[in-house]
Amino acid sequence: MVGTKNKPYKVTINYIITIIFLLIMIFPFIYLILNSFASWDQVDKKLIPTSYSLRSWQWLFSNNVTVAPAPWISAFFHTFLVTTVSVILMMLFAVMVAYALAKVRFRGRKIVDNFIIFQMFFPAIILLIPQFLLVTKMGMIDSFAGMILPTAVSMWAIFMYTNFFKAIPDTLIESAKLDGATDLQILFKIIIPMSKSITTVIFLFLYTERWTTLLWDMIVSKTDSTVTLNVLISQMFGPYGTYPGPMYAASVLLTLPLIVLFLLFSKNFQDGMQYTLK
């Protein structure tokens, strides 16, 4: 009975602790939003500003400012285009390679599988110079192709899909082949629909990683015709450095789409994370 009486208090304490940690985690984003709408004399001056205005947002999109505004709207669509195409290519390549490694018997399969795991231990920065030289020789500097193609393969995505596909019973694939289905039909009509949870996890992680990529985009993008949000924000430390309000507004513009994506796919994401943690 004593334990039963104490249980509500333990649950209440757990809720309080959870709420406190949740507030600590989301407060940086709340601070970001508040300062993007704060009056310029209060930006970074108070923990919670007391007066607000749209001046920082007008600074980004209006021509009536001291410093000529950067092309934020076009940069947003550039980021969306580069990220979406890159992630589609990464996932398309990953599912096909993973299916071959998991379900197709061929000589050297184990070597390829081990190479992918071995490659994951190397930081991507060591490939930066070879990639840059290759893109330069192919004439793809300051082009969307130069920003997309070098990032169109993800070893991590291949590794995740391979392990998931290995758990799918071979008898299911054999039955489909007896019915006359090809490997591509099995992959896109049977395997991928069964992989919604892990696909959501891979998609969200890849999209977040590519959306927030800075270094490669800074190297390839040279003009406003290809500039992305990350590059523009990094450039704000120059002419915009003394005006932190617009920097907060630009950071909100960069962060908000990712939050919307996680909210839209939260259910499948949770299911996928449960599988990856098993």
Side-chain angles (χ1 to χ4, degrees), residues 21-22 24-33 36 72-95 97-98 116 119-125 127-128 131 144 146-164 192 195-221 226-236 247-277:
F21 276 102
L22 180 63
I24 293 173
M25 291 175 62
I26 67 173
F27 182 76
F29 185 69
I30 295 174
Y31 183 83
L32 196 72
I33 295 175
S36 71
W72 292 99
I73 296 178
S74 60
F76 180 87
F77 286 107
H78 294 165
T79 308
F80 175 79
L81 173 66
V82 170
T83 302
T84 302
V85 175
S86 296
V87 171
I88 289 174
L89 291 176
M90 279 189 278
M91 297 191 71
L92 185 63
F93 186 81
V95 295
V97 174
I116 291 173
Q119 183 72 21
M120 290 171 60
F121 286 97
F122 284 88
I125 193 69
L127 298 176
L128 188 64
Q131 285 178 338
F144 291 126
M147 299 168 75
I148 293 171
L149 294 180
T151 62
V153 177
S154 170
M155 296 296 178
W156 174 80
I158 296 172
F159 174 78
M160 293 293 290
Y161 269 126
T162 301
N163 285 289
F164 186 86
I192 292 180
S195 312
K196 287 183 179 180
S197 57
I198 193 66
T199 295
T200 302
V201 173
I202 294 172
F203 169 76
L204 290 177
F205 273 100
L206 291 181
Y207 208 92
T208 301
E209 181 184 16
R210 187 60 190 88
W211 183 273
T212 55
T213 296
L214 172 62
L215 183 58
W216 182 249
D217 290 351
M218 286 184 66
I219 292 173
V220 178
S221 177
T226 57
V227 72
T228 57
L229 283 174
N230 278 310
V231 176
L232 279 187
I233 292 175
S234 68
Q235 293 173 352
M236 290 178 71
M247 295 183 66
Y248 282 114
S251 298
V252 172
L253 190 66
L254 178 68
T255 309
L256 195 58
L258 298 179
I259 294 176
V260 172
L261 273 179
F262 273 95
L263 291 176
L264 288 175
F265 297 102
S266 60
K267 180 62 171 63
N268 287 335
F269 180 76
Q270 292 174 8
D271 294 339
M273 287 303 296
Q274 289 177 1
Y275 168 79
T276 58
L277 295 174

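For the single chain, residues carry numbers from 1 onward in sequence order.
The side chain to side chain donor-acceptor pair (under 3.5 Å) check on Ser221 picks up Thr226, with sequence neighbours excluded. For Ala249, the side-chain contact (heavy atoms from CB on, under 4.5 Å) partners are Ser36, Ser56, Trp57, Leu60, not counting sequence neighbours. Every residue meeting the side-chain contact (heavy atoms from CB on, under 4.5 Å) condition with Ile125, not counting sequence neighbours, appears here in chain and number order: Pro123, Leu128, Leu215. Remark: Phe159 pairs with no residue by the ring pair (Phe, Tyr, Trp, His ring centres under 6.0 Å) rule, at least two apart or across chains. Every residue two or more places apart in sequence or in another chain that forms a side-chain contact (heavy atoms from CB on, under 4.5 Å) with Val97 is listed here: Phe93, Leu101, Ile116, Ile158. Residues passing the side-chain contact (heavy atoms from CB on, under 4.5 Å) test with Leu258 are Tyr207, Thr208, Trp211, Thr212, sequence neighbours excluded.
Atom CG of residue Leu81 and atom CZ of residue Phe76 lie 12.0 Å apart, to the nearest 0.5 angstrom. Taking OG1 of Thr79 as the reference point, atom CG of Leu254 lies at 7.5 Å (rounded to 0.5 Å). The structure places CD1 of Ile219 at 9.5 Å from CG of Leu214, a figure rounded to the nearest 0.5 Å. Between the OG atom of Ser251 and the CG atom of Leu256 there is a distance of 12.0 Å, given to the nearest 0.5 Å. Rounded to the nearest 0.5 angstrom, Ile26 CD1 and Leu22 CG are separated by 4.5 Å.
Screening residues 24-33 for side chain to side chain donor-acceptor pair (under 3.5 Å), with sequence neighbours left out, gives Tyr31-Asp44. Applying the salt bridge (Lys or Arg N to Asp or Glu O under 4.0 Å) definition to pairs two or more places apart or across chains, those involving residues 201-212 are Arg210-Asp217.
Considering all non-hydrogen atoms of both residues, Ala250 and Ile233 come closest at O-CD1, 3.6 Å. The two residues Met90 and Val153 come nearest to each other via the heavy atoms CG-N, 3.7 Å. Looking at every heavy atom in both residues, Pro150 comes nearest to Trp216 through CG-CZ2, 3.5 Å. Taking each heavy atom of Ile24 and Pro28 in turn, the nearest pair found is O-CD, 3.4 Å.
Annotation for Phe29: atom CZ counts as buried by contact number, over 12 foreign heavy atoms lying within 6.0 Å. Counted within 6.0 Å of CZ on Phe27, heavy atoms from surrounding residues, nucleotides or ligands total more than 12; the atom is thus considered enclosed.
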TODO: Just do the side chain to side chain contact (heavy atoms under 4.5 Å, CB included) check on Leu89 and Ile148 with the steps written out, would you?
DONE: CA-CA 9 Å; Leu89 291 176; Ile148 293 171; 3.8 Å; yes
TODO: Evaluate side chain to side chain contact (heavy atoms under 4.5 Å, CB included) for Thr199 paired with Phe164, printing each intermediate quantity in order.
DONE: CA-CA 10 Å; Thr199 295; Phe164 186 86; over 6 Å; no
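A heavy-atom distance below 4.5 Å is not found between the side chains of Val252 and Tyr248. Annotation: side chain of Thr151 is not in contact with side chain of Thr213 (no heavy-atom distance under 4.5 Å).
In this structure, His78 contributes its side chain and Thr228 its backbone to no donor-acceptor pair below 3.5 Å. At distances below 3.5 Å, not a single donor-acceptor pair connects side-chain atoms of Ser86 with backbone N or O atoms of Thr83.
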